[in-house]
Amino acid sequence: MKISKEQVEHVAHLARLTLTEEELEQMTGQLDNILSYVDKLDELDTSAVVPTSHVFSVCNAFREDIVKESLSRNDALMNAPQHDGETFLVPRII
Amino acid sequence: MKPYQLTITEACAAMNKGDLTAVALTESCLARIAEVDQDLHAFVTVDSEGALRQAAAADAMRQEGSAGLLCGIPVSIKDLLATKGQRMTCGSKILENYIAPYDATVVEKVRNAGAVILGKATMDEFAMGSTSETCAFGVPRNPWKKGYVAGGSSGGSAVGVASCECFASLGSDTGGSVRQPASLCGIVGMKPTYGRVSRYGLTAFASSLDQVGPLCRSVADCALMMNVISGYDPMDSTSVQQPVPDYSAYLVEGLKGLRVGVPREYFTKGLNAEVHAIVQNSIAVLKDRGAEIVEVTLPHTEYCVAVYYLIAPSEASSNLARYDGVHYGFRDKQAETLLEMYKGSRSKGFGPEVKRRILIGTYALSSGYYDAYYKKASQVRTLILNDFKKAFAACDVLVSPVTPTPAWPMGENADDPLSVYLSDILTLSANLAGIPGMSVPGGFTEAGLPVGVQLQGAHFQEEVLLKVGFNLEQALQLGKRDLDL
């Protein structure tokens, strides 16, 4: 096995997901299959290969520092599940 | 012929002559949607009133002599592109009631060109999937055979265009999501070079791979759409400053002096015999038109799926972290703590395919596994990119199948994600290398399912693909075949 149920549960926690027992069982099997498949990359020696993160060099894309209109507060809050007209509301932390 | 059956170029000509109005054209498409979309599910949202208002404004513009390239042309927009004031679901329950507060740059561009936006096209949840079956709001059906998949993730876009509910659609292609449904539905679809078209306002799936592209009923229409949507955008830091040619000027007959590369690795034993025969016929057609055929090799093709299914989920796991129920989207109201709210909102809001990819990505990026998975995949991506550079030193365009098979029955492979991922093997590498790719109808199987031919070119060589696609289209004359809906 490339991945255990416990590892999937841990990764789910990191990704802020909760899985039912049935989902955990199914995901473990599927992830194991996928991870076993991607192991085929080990056939290639890449020790001297530079990784590609973007096909074109993307480096410090600046634009003119001109003040433009941004979203209004109403627009920014428009889709919030809960707000008080000024800020987003979430369950109390402290 | 009914107005909705025209191509964009034909409809524009009719409107310019005064034979047709934008309002009549839009009404024709809305009637078509009312007639067939209950079965086909090409649309998640239809904005009839807004469309008719835009059409009336387009008619006024044409009368004033200020008509843009798409003046009065009804189009759909994949439901992951922001259209101001309209619902944008990304095919997911987590964004079911989200209203976009601004326009994506490509949406603004088609609006400025005078297009009439009919509504939002059905898609796989967050563009993840290869069949559009992961959409939370109904699954689009292949208009050529309704029990078969439309392809994904821009399935609704392809179905809407193929069934004449709209004239064109804007889709997005992260691993083949414009080209694959275009092929399975018998229309033209183009993934431009990465950076050629703005991604501002496109909901990110895998940021280094995503690219917006048009789906159309003819190559000329595709060139027109590319003229409208291409170009540098300061709002997108990955947009490339490169002059945009007039793509329509490249639609000329004859391919003398053009070198067509046939990649050996794309014609393997898993390839369906009918697909193989249709692509071979297309290669023969290109030769007849004056092209020189050369065999080329892309030796790392067999690693593309593994590379893609590490890089795309890794980027997705990061991009989708924003869906936490705080600023927008679904919130689990039963949660009592912040952590419970995050977990509950995400677990109840996302579907299984999205969860699966977030888990793969989180695992591949997690401590102790990063080098073995993400870094390794990014290194093999370099090898894939180098393969293409070598191939394009020997040829101007690559010709291949788009998918190994024609469309397949809905529900097939539902429990085997790996086999679905493998169906993308011929399209993924263009995204990994950032090169342009295009699907052009090549023929039909005996069962009446369309099969596309894939054209791939070097960076910023979209015009070469359009020229080759135009020649193929002219020679094959498949466009007038009627759908029996």
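Quantities reported herein were computed from a predicted structural model and do not represent experimental measurements. All chains are named by letter (A, B, ...) in the order of the sequence lines, taking the proteins before the strands, and each is independently numbered beginning at 1.
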For [X], is it the side chain, the backbone, both, or neither that has a heavy atom closer than 4.5 Å to a heavy atom of chain B?
X       : answer
A/Leu17 : both
A/Ile93 : side chain
A/Leu77 : neither
A/Val50 : backbone
A/Asp42 : both

**Asked** Got more than 12 heavy atoms from elsewhere within 6.0 Å of NE2, A/His54?
**Response** yes

**More than 12 heavy atoms from other groups under 6.0 Å of NZ on A/Lys40** = yes

Quick one: of [options], who has the most non-hydrogen atom pairs under 4.5 Å with chain A?
options                                : result
B/Ile435, B/Leu310, B/Ile358, B/Ile384 : B/Leu310
B/His327, B/His300, B/Lys375, B/Glu315 : B/His327
B/Ile99, B/Leu339, B/Val380, B/Asn386  : B/Ile99
B/Ala364, B/Pro101, B/Gly434, B/Ala335 : B/Pro101
B/Phe350, B/Tyr363, B/Tyr342           : B/Tyr363

Residue part contacting chain A, namely of [X], when any heavy atom lies under 4.5 Å:
X        : answer
B/Ser318 : neither
B/Leu432 : backbone
B/Asp324 : neither
B/Leu359 : both
B/Ala377 : both
B/Glu336 : backbone
B/Phe388 : neither
B/Thr337 : backbone

**Prompt:** Would you say the side chain of B/Val240 lies within less than 4.5 Å of the side chain of B/Phe460, judging by non-hydrogen atoms?
**Reply:** yes

**Prompt:** How about A/Leu19 and A/Glu9: do any of their side-chain heavy atoms sit closer than 4.5 Å?
**Reply:** no

**Item:** Stepwise salt bridge (Lys or Arg N to Asp or Glu O under 4.0 Å) test for B/Arg356 and B/Glu353
**Value:** CA-CA 5 Å; B/Arg356 184 158 41 240; B/Glu353 182 60 32; 2.6 Å; yes

I'd like to verify something: which residue of [options] has the highest number of heavy-atom pairs under 4.5 Å with chain B?
options                            : value
A/Glu43, A/His83, A/Glu64, A/Arg92 : A/Glu43
A/Asn79, A/Val11, A/Val38, A/Thr46 : A/Asn79
A/Leu41, A/Thr20, A/Asp75          : A/Leu41

**Prompt:** For A/Lys2 and A/Asp32, what are the C-alpha separation, side-chain angles and deciding distance, and is it a salt bridge (Lys or Arg N to Asp or Glu O under 4.0 Å)?
**Reply:** CA-CA 5 Å; A/Lys2 293 291 298 175; A/Asp32 190 61; over 6 Å; no

**Request:** Check the pair B/Glu108, B/Lys84 against salt bridge (Lys or Arg N to Asp or Glu O under 4.0 Å), reporting the backbone distance first and the verdict last.
**Result:** CA-CA 9 Å; B/Glu108 193 178 278; B/Lys84 190 174 180 177; over 6 Å; no

Can the ring centres of [X] and [Y] be said to be less than 6.0 Å apart?
X        : Y        : value
B/Phe330 : B/Tyr323 : no
A/Phe56  : B/His459 : yes
B/Tyr200 : B/Tyr102 : yes
B/Phe126 : B/Phe205 : no

**Complete:** CG of B/Leu428 to SG of B/Cys304, rounded to nearest 0.5 Å, is 6.5 Å

**Message:** Looking only at side-chain N and O atoms, does B/Arg199 offer a donor or acceptor that is under 3.5 Å from a partner on B/Thr238?
**Reply:** yes

